[in-house]
Amino acid sequence: MRSSPSGVPNCAGWVDADALLELETALGVPKFRGYSIGSLLGDFYTVSMFNGHARWSAASMLAHCARWCYRCAHGITTGIPPSNTGRDKYLITSIDIRPTLAGLVFPVIEALGPDNCVVIGQPGVQALLPRRVEFLSWDALPRVDMSEWRSAYFPGVAEWLRTLSAFRKLRRLPYGFIPELLDWTASQTQRVLAYERLLEIVRPATVLTEFDRNHLVAPLMIAARVKRVPTITLVHGVANRLYTPLLADVVCCWGESDRATFANCGVEAGRIVVTGQPRIQREVAPINAERKSEILGRSTKCTLLFASSPIATGLKLKLAGEFCEAVSALPNTAAIIRLHPSECVSEYRHVSDAHPAAIFLPNNACTLDEALSLADVIVVHNSSVGIDALIRQRPTVVLDSVAGEWPNAAALVQHAHCPVAKDGAELQRVLAALVADDALRAAVIEWAAPYARGLCVAYGSEAAARIADTAKRMAANSGRHLESAHASLF
């Protein structure tokens, strides 16, 4: 994929992955209680900066300054800490109830046995869990000793500010970048202390998470390392550089393709375990006619699906508009835009107004299996839905009309040999050919088959059982493998 973010100025927060890794490394000096604070900011990197969502206005700058002052005086908000949680159970995080994340951990809970699990997550997830699973809220953390925190935090502030200032100047970012990052350093380091106390209470055998670099989870990974509790992270999308450096001891990945990706990113072989993907099944169940009619609202010869990505607003609107324009020129076809879980239909109002025939589906309007089943061709930009489509043997096209570093799209084009369109006009020609030719659609699936076979070694309950076995082995061998893991964090 192209390397320069054309049309995305730095004020929108676009920063490439190499620069983010440099910043993460630089924030390791000085260390906070022996570990790098750069390792705690992964979500800020991916959501605000790499995906281009950051907006640093004067108002946000003042708000972050005020929050930082409040956190330094009072600490993060805490709730009622747990008291009678069972020891030696598996502590499992639930970052979100959306299927891409909940679908990873729920099968593993069943494989480990609900009686053996404690889940920490948002309050809404508790109602979805088996009754025998103990539950903790993210907000119900033990109170932080602010004197202890201040004595460890304030000696490093001046150096961290110099690092942030130098990075801001080098990348020509607005001044608002600095107070937002500083605010994050305060809240995240306080969470580490709170999680350390939580682990002293819960005493888990192993900690397992959907994504170790999530802002709620990263401090837990560091605290677990301090308390010598083994940790495992799963892979919720397409593995790439933004999944590293690993904070967990071990990553349970989908297949040999993931193993190679993590190895190329510098992860030691002993920390990579290939287990498969518990969220998905190998085959897509056919969607029934009634449900298809409910989603489409009309009968069509061919249904074309575009899976959106949570990138900068201008870019994702451009992509959606090009897709709708391309499909509108094809007779008797339906255009569906399935939104990312973080998006809402109102964000695409200008595109939907210009293309009233297109169907904009909120992510929860249908399952991913339903979306893949009703679509004859799937179009993606950088969405991991492209990988799901390849695994399920669905013809997949990449729309690469915006510049930037898009690792998922690059993998689909370079390794799966998916057809690629560089603009809307080319997309129209590609889709027209695929709609008209059954043999061409079959050929696209066949071209991707060797890559797709290496993506995942197991599915569903089989993958969950492999992950559970890994967690049990790590619990049994606790301490033996922890000496070398995460050496860079300390």
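We number each residue from 1, following the sequence as shown. Given the structure is predicted, the values throughout are model-derived calculations rather than measurements. We use all heavy atoms of the structure for the numbers below, so side chains are in, but hydrogens, waters and symmetry mates are not.
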**OP:** Check ring pair (Phe, Tyr, Trp, His ring centres under 6.0 Å) between Phe106 and all other residues, then give those that pass, not counting sequence neighbours.
**Re:** none
Subject >> Qualifying residue, where the test is side-chain contact (heavy atoms from CB on, under 4.5 Å) with Val379 and the options are Ile337, Val430, Val398, Leu427 >> reply: Leu427
**OP:** Please tell me if the side chains of Tyr153 and Ile37 come closer than 4.5 Å, counting only heavy atoms from C-beta onward.
**Re:** no
Original post:
Can you name the residues that form a salt bridge (charged side-chain N to carboxylate O under 4.0 Å, His left out) with Arg394, not counting sequence neighbours?
Top reply: none
Original post:
Counting distance only, does the side-chain N/O of Arg203 pair as donor-acceptor with the main-chain N or O of Asp88 below 3.5 Å?
Top reply: no
Original post:
Between Leu136, Val207, Val229, which is the residue that forms a side-chain contact (heavy atoms from CB on, under 4.5 Å) with Val202?
Top reply: Leu136
Original post:
Between atom OH of Tyr451 and atom CD of Gln414, what is the distance when rounded to the nearest 0.5 Å?
Top reply: 9.5 Å
**OP:** Without swapping roles, check the side chain of Thr209 against the backbone of Phe211 for a donor-acceptor pair under 3.5 Å.
**Re:** yes
Original post:
Between Trp68 (side chain) and Ser187 (backbone), is there a donor-acceptor pair under 3.5 Å?
Top reply: no
Original post:
Is a donor on one side and an acceptor on the other found under 3.5 Å between the side chain of Glu210 and the backbone of Ile95?
Top reply: yes
Original post:
Less than 4.5 Å apart, any side-chain heavy atom of Leu361 and any of Cys366?
Top reply: yes
Subject >> Asn382 side chain vs Ala409 backbone, donor-acceptor pair below 3.5 Å >> reply: yes
**OP:** List in chain and number order the residues that pass side chain to side chain contact (heavy atoms under 4.5 Å, CB included) with Ala263, two or more places apart in sequence or in another chain; answer none if no residue qualifies.
**Re:** Ile272
Original post:
Looking only at atom types and distance, does a side-chain atom of Asp437 sit under 3.5 Å from a main-chain N or O of Ala433, one as donor and one as acceptor?
Top reply: no
Subject >> Any side-chain heavy-atom pair of Ser36 and Thr25 under 4.5 Å >> reply: no
Subject >> Contact check, side chains of Ile467 and Leu112, non-hydrogen atoms, under 4.5 Å >> reply: no
Subject >> salt bridge (charged side-chain N to carboxylate O under 4.0 Å, His left out) partners of Arg162, counting only residues at least two apart >> reply: Glu159
Subject >> Sub-4.5 Å side-chain heavy-atom contact between Phe306 and Leu319 >> reply: yes
Original post:
If we ignore angles and hydrogens, is there a donor and acceptor under 3.5 Å between the side chains of Tyr348 and Glu343?
Top reply: yes
Original post:
Pairs in or reaching into residues 306-315: which pass salt bridge (Lys or Arg N to Asp or Glu O under 4.0 Å), with residues at least two apart or in two chains?
Top reply: none
Original post:
Which residues pass the salt bridge (charged side-chain N to carboxylate O under 4.0 Å, His left out) test with Lys472, sequence neighbours left out?
Top reply: none
Subject >> Sub-4.5 Å side-chain heavy-atom contact between Glu24 and Arg213 >> reply: yes
Original post:
Rounded to the nearest 0.5 Å, what separation is found between the CG atom of Leu141 and the CG atom of Leu193?
Top reply: 11.0 Å
Subject >> Pairs where residues 444-463 contributes a residue and the test salt bridge (Lys or Arg N to Asp or Glu O under 4.0 Å) is met, not counting sequence neighbours >> reply: Glu462-Arg466
Original post:
Is there a donor-acceptor contact under 3.5 Å from the side chain of Asn363 to the main chain of His340?
Top reply: no
Subject >> Exam field: side chain Asn408 to backbone Ser383, donor-acceptor pair closer than 3.5 Å >> reply: no
Subject >> All pairs passing salt bridge (Lys or Arg N to Asp or Glu O under 4.0 Å) where residues 253-266 contributes a residue, at least two apart >> reply: Glu256-Arg259
Subject >> Over all atoms of both residues, closest heavy-atom pair of Trp254 and Arg279 >> reply: CH2-NH2, 4.0 Å
Original post:
What distance do Phe177 atom CZ and Leu23 atom CG have between them, rounded to the nearest 0.5 Å?
Top reply: 5.0 Å
Original post:
Is the His236-Tyr243 ring centre distance short of 6.0 angstrom?
Top reply: yes
Original post:
Where do Gly255 and Val274 come nearest, in terms of heavy atoms and distance?
Top reply: CA-CG1, 3.6 Å
Subject >> Nearest-0.5 Å distance that lies between atom CZ in Phe323 and atom CD1 in Ile336 >> reply: 8.0 Å
Original post:
What is the distance from atom OG1 of Thr396 to atom NE2 of His417, rounded to the nearest 0.5 Å?
Top reply: 14.0 Å
Subject >> side-chain contact (heavy atoms from CB on, under 4.5 Å) assessment of Thr93 paired with Leu216 >> reply: CA-CA 9 Å; Thr93 71; Leu216 293 170; over 6 Å; no
Original post:
By side chain to side chain donor-acceptor pair (under 3.5 Å), which residues pair with Trp138, not counting sequence neighbours?
Top reply: none
Original post:
When rounded to the nearest 0.5 angstrom, what is the spacing between CZ in Arg168 and CG in Leu161?
Top reply: 12.0 Å
Original post:
Counting N and O atoms only, with roles assigned by atom type, does the side chain of Lys318 sit under 3.5 Å from a partner on the main chain of Ser401, one being a donor and the other an acceptor?
Top reply: yes
Original post:
Is the shortest heavy-atom distance from the side chain of Val267 to the side chain of Thr261 under 4.5 Å?
Top reply: no
Original post:
Minimum heavy-atom separation for Ala326 to Gly424, with atom names?
Top reply: CB-O, 3.9 Å
**OP:** For Tyr90 and Val108, run side-chain contact (heavy atoms from CB on, under 4.5 Å): C-alpha distance rounded to whole Å, both residues' side-chain angles, the deciding distance at 0.1 Å, then the answer.
**Re:** CA-CA 10 Å; Tyr90 299 96; Val108 178; over 6 Å; no
Original post:
Which word best sums up how the rings of Phe32 and Tyr35 line up, parallel for under 30°, tilted for 30 to 60°, or perpendicular for over 60°?
Top reply: perpendicular
Subject >> Residues forming a salt bridge (charged side-chain N to carboxylate O under 4.0 Å, His left out) with Glu325, sequence neighbours excluded >> reply: none
**OP:** Take Ile311 and Trp406 through the side-chain contact (heavy atoms from CB on, under 4.5 Å) test and state the conclusion after the steps.
**Re:** CA-CA 10 Å; Ile311 58 177; Trp406 312 113; 3.6 Å; yes
Original post:
Which heavy atom in Gly276 sits nearest to a heavy atom in Pro278, and how many Å separate them?
Top reply: O-CD, 3.7 Å
**OP:** Name all pairs fulfilling the side-chain hydrogen bond (donor to acceptor under 3.5 Å, both in side chains) condition that reach into residues 367-379, sequence neighbours left out, sorted by first residue then second.
**Re:** Arg291-Glu370, Asp369-Arg392
**OP:** Grab the two heavy atoms, one from Thr206 and one from Ala471, that are nearest each other, plus how far apart they are.
**Re:** OG1-O, 3.4 Å
Original post:
By ring pair (Phe, Tyr, Trp, His ring centres under 6.0 Å), which residues pair with Phe262, not counting sequence neighbours?
Top reply: none
Original post:
Would a distance-only check, ignoring hydrogens and angles, find a side-chain to backbone donor-acceptor pair under 3.5 Å from Arg271 to Ala248?
Top reply: yes
Subject >> Stepwise side-chain contact (heavy atoms from CB on, under 4.5 Å) check, Gln188 with Ile222 >> reply: CA-CA 10 Å; Gln188 292 295 81; Ile222 301 299; over 6 Å; no
Original post:
Looking only at side chains, do Asp249 and Thr231 share a donor and an acceptor under 3.5 Å apart?
Top reply: yes
Subject >> Nearest heavy-atom neighbours spanning Thr233 and Asp212 >> reply: OG1-N, 3.1 Å
**OP:** Evaluate the side-chain proximity of Leu374 to Leu305: yes if any heavy-atom separation is below 4.5 Å, no if none is.
**Re:** no
